[in-house]
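What follows is a short report on a single structure.
Everything numeric in this text was worked out from a predicted model, so none of it was measured.
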Amino acid sequence: MTTQQLVAEIKRKKSFLCIGLDVDLNKIPEHLLEEEDPIFAFNKAIIDETHHLCVAYKPNTAFYEAYGIKGWKALEKTINYINEYHPEIFTIADAKRGDIGNTSTMYAKAFFEDLSFDSVTVAPYMGKDSVEPFLAFDNKHTILLALTSNQGAFDFQTQKIDHKEVYKKVLETSKTWQNSSNLMYVVGATKAEYLSDIRQIIPDSFLLVPGVGAQGGNLQDVCKYGMNENIGLLINSSRGIIYAGNGKDFAKASSEKAAALQNQMEEILNLS
């Protein structure tokens, strides 16, 4: 999917909502545990009830790898279901990969070619030769971890080297990499006060913003400081949506939570 197609979908749906499909078998409704593939059954129900409200889905691969081959098969079935029935949806493999060149190429092939995701999250710590193999794929996006929403982000990301924060060096350096136009960036919603500085460095890039909802991030603040002329934001909510209910009608409860966020987004877009 191209950036232009993503922007068009945001405008069509009046939504820039991304839903994180982080499936924990200890949290899903008990009746689903009787299914042959409870992970996929859960995801399918969520997708069927929310696809018209969001523009992206983001499975965190850890929640699938934890269940071995069955979990990986459920991830494959999930992405295939989205691509077949809702090809307009932007898909994100939240895998946080990043390694030396040959290894990164194989990671990229796994998510872009085998599983046909539109994008994958990548850690920048090992530098350009660990990221450029992902950037080499046409119409695929690499979402670089820039300033994350967890408390540990302050251990390194906001520390200064030569009077400049590390996350700013990551942003500036990444712009020099080959095919950097394929980059998007992760910026946590709990770091909204940093967004003005971030937009000075990467004014046109899309930002994937986790942390709205269960982690306490504020949608209005993120949009005030992070939105650009092409919207430029994908706001992710995972637990706050997918675990909104725990009964037979869990998917409907998820839809109601997603609709509430989408309504707020529509109001913001109408004002912008």
Side-chain angles (χ1 to χ4, degrees), residues 18-24 26-27 56-67 71 75 92-100 103-104 107 111 119-131 134 141-175 177 183-202 205-226 232-243:
C18 172
I19 297 177
L21 299 175
D22 302 349
V23 186
D24 184 340
N26 294 314
K27 294 181 179 179
Y57 286 113
K58 182 180 71 67
N60 186 313
T61 59
F63 287 85
Y64 301 84
E65 294 172 272
Y67 300 108
L75 176 63
I92 302 167
D94 191 0
K96 299 179 178 71
R97 297 301 200 259
D99 206 333
I100 59 172
T103 310
S104 282
Y107 280 139
F111 292 108
S119 64
V120 61
T121 57
V122 172
Y125 188 75
M126 292 182 68
K128 76 172 185 177
D129 56 327
S130 70
V131 180
F134 293 93
H141 303 271
T142 302
I143 308 179
L144 206 67
L145 302 179
L147 186 60
T148 54
S149 58
N150 61 305
Q151 185 61 34
F154 297 106
D155 289 348
F156 301 115
Q157 296 168 29
T158 58
Q159 298 300 309
K160 291 185 177 181
I161 299 176
D162 297 332
H163 309 291
K164 183 172 291 186
E165 293 91 339
V166 169
Y167 79 89
K168 290 183 180 179
K169 287 183 174 288
V170 168
L171 294 172
E172 291 173 352
T173 301
S174 70
K175 292 169 62 178
W177 295 341
L183 280 169
M184 297 179 175
Y185 298 86
V186 175
V187 177
T190 54
K191 306 291 191 299
E193 66 272 22
Y194 295 87
L195 281 166
S196 292
D197 286 349
I198 288 170
R199 278 304 187 202
Q200 292 295 314
I201 303 170
I202 47 168
S205 300
F206 256 87
L207 307 179
L208 172 63
V209 184
V212 169
Q215 296 184 53
N218 183 278
L219 176 63
Q220 284 71 28
D221 285 347
V222 170
C223 292
K224 179 180 179 181
Y225 298 109
L233 297 172
L234 291 172
I235 304 294
N236 181 78
S237 180
S238 302
R239 290 169 288 171
I241 290 178
I242 66 174
Y243 297 127

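- The nearest pair of heavy atoms linking Val122 to Gly98 is CG1-CA, 4.3 Å.
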Note to self: Test side chain to side chain contact (heavy atoms under 4.5 Å, CB included) on Tyr185 and Ser174; report intermediate values, then the result.
What the structure shows: CA-CA 10 Å; Tyr185 298 86; Ser174 70; 2.7 Å; yes

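- In plain terms, the two heavy atoms of Glu165 and Thr158 that are nearest each other are CG-O, 3.5 Å.
- In this structure, the side chains of Leu219 and Ile235 come closer than 4.5 Å at one or more pairs of heavy atoms.
- By the 6.0 Å contact criterion, NZ on Lys96 is enclosed, its count of non-hydrogen atoms from other residues, nucleotides or ligands being greater than 12.
- Of all the heavy atoms in Leu208 and Cys18, the pair that sits closest is CD1-SG, 4.4 Å.
- When side chains are defined from C-beta on, Ser237 does not count as touching Ile19, because their heavy atoms never get closer than 4.5 Å.
- A pairwise comparison of heavy atoms in Ser238 and Gly20 identifies OG-CA, 3.2 Å as the closest pair.
- Heavy atoms from other residues, nucleotides or ligands lying under 6.0 Å from OH of Tyr67 number more than 12.
- Of the possible polar contacts, none joining the Arg239 side chain to the Ile242 backbone as a donor-acceptor pair under 3.5 Å is found.
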Next item on the list: List the steps and the verdict of side chain to side chain contact (heavy atoms under 4.5 Å, CB included) for Asp24 and Tyr243.
Entry: CA-CA 10 Å; Asp24 184 340; Tyr243 297 127; 3.6 Å; yes

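- Put simply, the side chain of Met184 does not reach to within 4.5 Å of the side chain of Thr142, judged on heavy atoms.
- Using a 4.5 Å heavy-atom cutoff, the side chains of Tyr107 and Asp99 are in contact.
- To the nearest 0.5 Å, atoms CG (Leu171) and CG (Leu144) are separated by 8.0 Å.
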Note to self: As a quick check of understanding, evaluate salt bridge (charged side-chain N to carboxylate O under 4.0 Å, His left out) for Asp197 and Lys168, giving each step before the final call.
What the structure shows: CA-CA 9 Å; Asp197 286 349; Lys168 290 183 180 179; 3.4 Å; yes

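- The distance from the OH atom of Tyr57 to the CG atom of Asn236 is 12.0 Å, given to the nearest 0.5 Å.
- Atom CD in Gln159 sits 10.0 Å away from atom CZ in Phe154 (nearest 0.5 Å).
- Between Leu183 and His141 there is no side-chain heavy-atom pair separated by less than 4.5 Å.
- In this structure, the side chains of Tyr64 and Pro59 come closer than 4.5 Å at one or more pairs of heavy atoms.
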Next item on the list: Verify side chain to side chain contact (heavy atoms under 4.5 Å, CB included) between Val166 and Phe156, making sure each step is shown before the conclusion.
Entry: CA-CA 7 Å; Val166 169; Phe156 301 115; 5.6 Å; no

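- Classification of Lys224 and Glu193 as a salt-bridged pair fails, no side-chain N sitting under 4.0 Å from a carboxylate O.
- Side-chain contact check for Thr103 versus Arg97: every heavy-atom pair is 4.5 Å or farther apart.
- No side-chain heavy atom of Phe206 sits under 4.5 Å from any side-chain heavy atom of Ile143.
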Next item on the list: Show your working on side chain to side chain contact (heavy atoms under 4.5 Å, CB included) between Leu207 and Leu234 and close with a plain yes or no.
Entry: CA-CA 6 Å; Leu207 307 179; Leu234 291 172; over 6 Å; no

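- Across all non-hydrogen atoms, the minimal contact from Pro124 to Val131 is CA-CG2, 4.5 Å.
- If you check the side chains of Asp94 and Thr121, you find a donor sitting under 3.5 Å from an acceptor.
- In this structure, NZ on Lys164 lies 6.0 Å from NZ on Lys169, to the nearest 0.5 angstrom.
- Looking at Gln157, its side chain does come within 3.5 Å of a backbone N or O of Thr148 through a donor-acceptor pair.
- No donor-acceptor distance shorter than 3.5 angstrom exists from the side chain of Asn60 to the backbone of Asp22, with no hydrogens or angles considered.
- Between Leu233 and Cys223, the shortest heavy-atom contact is CD1-CA, 4.0 Å.
- Residues Tyr125 and Ser130 have side chains that never bring a donor and an acceptor to within less than 3.5 angstrom of each other.
- Between Tyr194 and Tyr167, a ring centre-to-centre spacing shorter than 6.0 Å is recorded.
- Looking only at distances, no side-chain donor or acceptor of Tyr225 sits under 3.5 Å from a matching main-chain atom of Arg199.
- To the nearest 0.5 Å, the span separating OG on Ser196 from CD1 on Ile201 amounts to 11.5 Å.
- Here Gln200 contributes atom CD and Ile198 contributes atom CD1; the two are 11.0 Å apart, rounded to the nearest 0.5 Å.
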